[in-house]
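Following: one structure in structure tokens, then a few remarks.
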Amino acid sequence: MLVQKYRENEIILADARELAKYVKPNSVALTVTSPPYRNAIDYTQHVTNLKNSGNVWMRGTGEETTEAYLDTMQQIFEQVFKVTKEGGFCCIVIGDEVVNGKLIPLPSLLLSRLVNYENEDDPEKWRFRDMIIWHKVTSGRNGAGNRFGLFIQFPYPSYFRANIMHEYILVLQKGKARDDIVKTDEEKIPLNRIVKRELANSIWNIPPVPPRSVKHPVPFPEQIPWRLITLLTQKGDTILDPMNGSGQTTKVAYNMGRKYLGFDIKKEYVDEAKKRLKQVPKLSDYLIPVFYKESWSKNVQGGFFETTEVDLSPNIPKSYKFLFRTESDKSIKGQKGVYAYYKNQQSNYLCFVIGATGKHSRLNLGNVQDKGSMLHDVIIKLPKKQFIKAELNKVLETRIVENRQPVKACIDVLLHLNYVRLGDKEGQKQYYELTSKGKSLQQRLK
Ligand SMILES: C[S@@+](CC[C@H](N)C(=O)[O-])C[C@H]1O[C@@H](n2cnc3c(N)ncnc32)[C@H](O)[C@@H]1O
């Protein structure tokens with residue numbers, strides 16, 4: 001008799017509609033996935049562009065009907081159901097779609113296929129456990145999400161449409177609670193500020209992955225699988241992504257000591273996900289907002305900010321000492337933001353960016369010598385010649401260029417450490433790379 005050999009810790013080139021052939025029934029603790037963006041992206045064209053060495057994605061043609069799309073997704077999530085263990089979860093990251101300016105509520109349509117609202121105990125359907133809104137913080141004002149643009153041209157009543165700044169994370173559960181959770185101190189989730197003020201709520205603030213930093217048109221941020229794996233699984237559990245793309249889920253799962261399984265129908269994405277599997281997670285590249293109770297001025301709605309004193313002490317790890325502070329380059333309505341820097345004994349740097357309203361976020365800059373750190377990332381890409389700060393984003397080919405704050409923070413620390421020097425010519429801030437005995441910075445770091 002032929003015994004079926006199930007797969008584990010693999011990224012597999014296969015159609016997810018057949019995944020139950022490969023995965024042991026009732027074995028997966030958590031699925032984190034995002035279905036294809038039907039109308040927004042043409043994956044085949046993106047893969048062709050990749051082969052021609054351009055990481056440019058193409059807009060989809062939107063030829064597939066909504067019903068056909070939902071049929072495929074239903075088949076995939078029925079397969080996921082079969083392989084999920086009792087009490088296990090399936091988290092689907094999906095947004096409403098805009099077709100010719102009209103909104104299609106894909107998340108609700110998909111939910112109505114997967115959940116039996118009349119009978120919560122239906123043994124063949126998922127239970128609807130939670131709905132989290134992924135607030136994309138910095139995205140939505142450009143591209144397909146921009147709907148307010150028209151209103152700017154016709155700012156009259158009734159022309160308004162909102163920019164789409166969010167997607168949903170549908171949290172589904174199979175059956176009743178798991179009975180195999182180990183309740184040791186090690187598995188306890190620390191109830192720190194981020195958990196209590198951010199993860200606790202139904203809105204998660206996570207900036208998207210900067211464009212073209214990964215060879216996939218629509219990777220979700222590593223924060224998403226990281227948060228869900230932290231909150232819903234324990235060490236040794238199996239994590240699945242049936243539409244794994246660039247492999248954000250499998251990479252984070254591997255790095256968190258979980259077993260992983262990824263599927264995709266495009267060989268190029270399977271290869272890319274395998275390549276990225278063991279890379280260090282880049283969670284700290286993206287801002288983790290730490291919200292603080294703000295004392296808003298009565299005039300906020302009129303557009304005036306008040307300067308808020310922010311007590312950062314609860315957020316600073318004990319081993320870090322305050323170093324110095326700088327101001328943001330630009331001001332908003334006359335108020336400048338503050339950058340506060342901290343360092344520990346291992347020379348790891350931490351920066352808190354505090355906005356004019358008192359909202360602040362944390363940047364883990366790391367150690368200059370540490371190859372995975374933001375500081376190292378910036379320093380090895382600094383131009384050898386004198387450069388003007390305003391042009392830094394052009395000359396720095398780093399994946400964090402899309403975000404000004406980490407670059408400014410790194411430059412501030414490098415100035416502090418005398419790795420770069422500040423000049424001032426014709427009123428413009430200019431920087432010079434300092435050389436040591438004729439050696440460039442890059443050589444000094446090798
Ligand atoms: C939105 S992307 C996933 C991106 C992924 N979450 C990441 O972070 O990179 C959807 C992926 O589903 C894949 N896909 C589409 N249909 C599929 C199917 N039937 N089986 C497996 N993968 C499929 C596409 O090739 C694409 O890479």
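Along the sequence shown, residues are numbered consecutively beginning with 1. In this text the structure is predicted, and so the values were computed from the model without any measurement. No hydrogens, no waters, no symmetry mates; every other heavy atom, side chains included, goes into these values. In each ligand, atom 1 is the first atom listed, and ligand 1 is the first ligand listed.
The pair Glu86-Arg178 does not count as a salt bridge, with every side-chain nitrogen at least 4.0 angstrom from each carboxylate oxygen.
Using a 4.0 angstrom heavy-atom cutoff, Pro35 counts as in contact with ligand 1. Note on ligand 1: Thr249 sits outside its first shell, no heavy atom being nearer than 4.0 Å. Contact between Ala273 and ligand 1 is absent, with no heavy atom of the residue lying under 4.0 Å from the ligand.
Glu97 and Tyr69 share no donor-acceptor pair across their side chains, judged by distance under 3.5 Å alone. Using modelled atom types and a 3.5 Å distance limit, the side chains of Asn205 and His135 yield a donor-acceptor pair.
Less than 4.0 angstrom separates some heavy atom of Pro242 from each of these atoms of ligand 1: 21 (C), 22 (N).
The six-membered or imidazole ring of Phe263 lies near that of Tyr22, with a centre-to-centre distance under 6.0 Å. Between Trp134 and Tyr168, the distance from one ring center to the other does not fall under 6.0 angstrom.
The aromatic rings of His216 and Tyr269 lie tilted to each other, with the angle between the two planes from 30° to 60°.
Polar contact check, Tyr269 against ligand 1: no nitrogen or oxygen pair lies under 3.5 Å apart. Polar contact check, Asp241 against ligand 1: no nitrogen or oxygen pair lies under 3.5 Å apart. Residue contacts with ligand 1: Asp15 is placed with a nitrogen or oxygen under 3.5 Å of a nitrogen or oxygen of the ligand (distance criterion only). Taking only nitrogen or oxygen atoms, main chain and side chain alike, Ser246 reaches within less than 3.5 Å of ligand 1.
Residue-level proximity to ligand 1 for Asn244 is carried by the backbone, the only part with a heavy atom below 4.0 angstrom. The proximity of Met243 to ligand 1, defined as any non-hydrogen pair under 4.0 Å, involves the side chain as well as the backbone.
By the 6.0 Å contact criterion, OH on Tyr254 is open, its count of non-hydrogen atoms from other residues, nucleotides or ligands being 12 or less.
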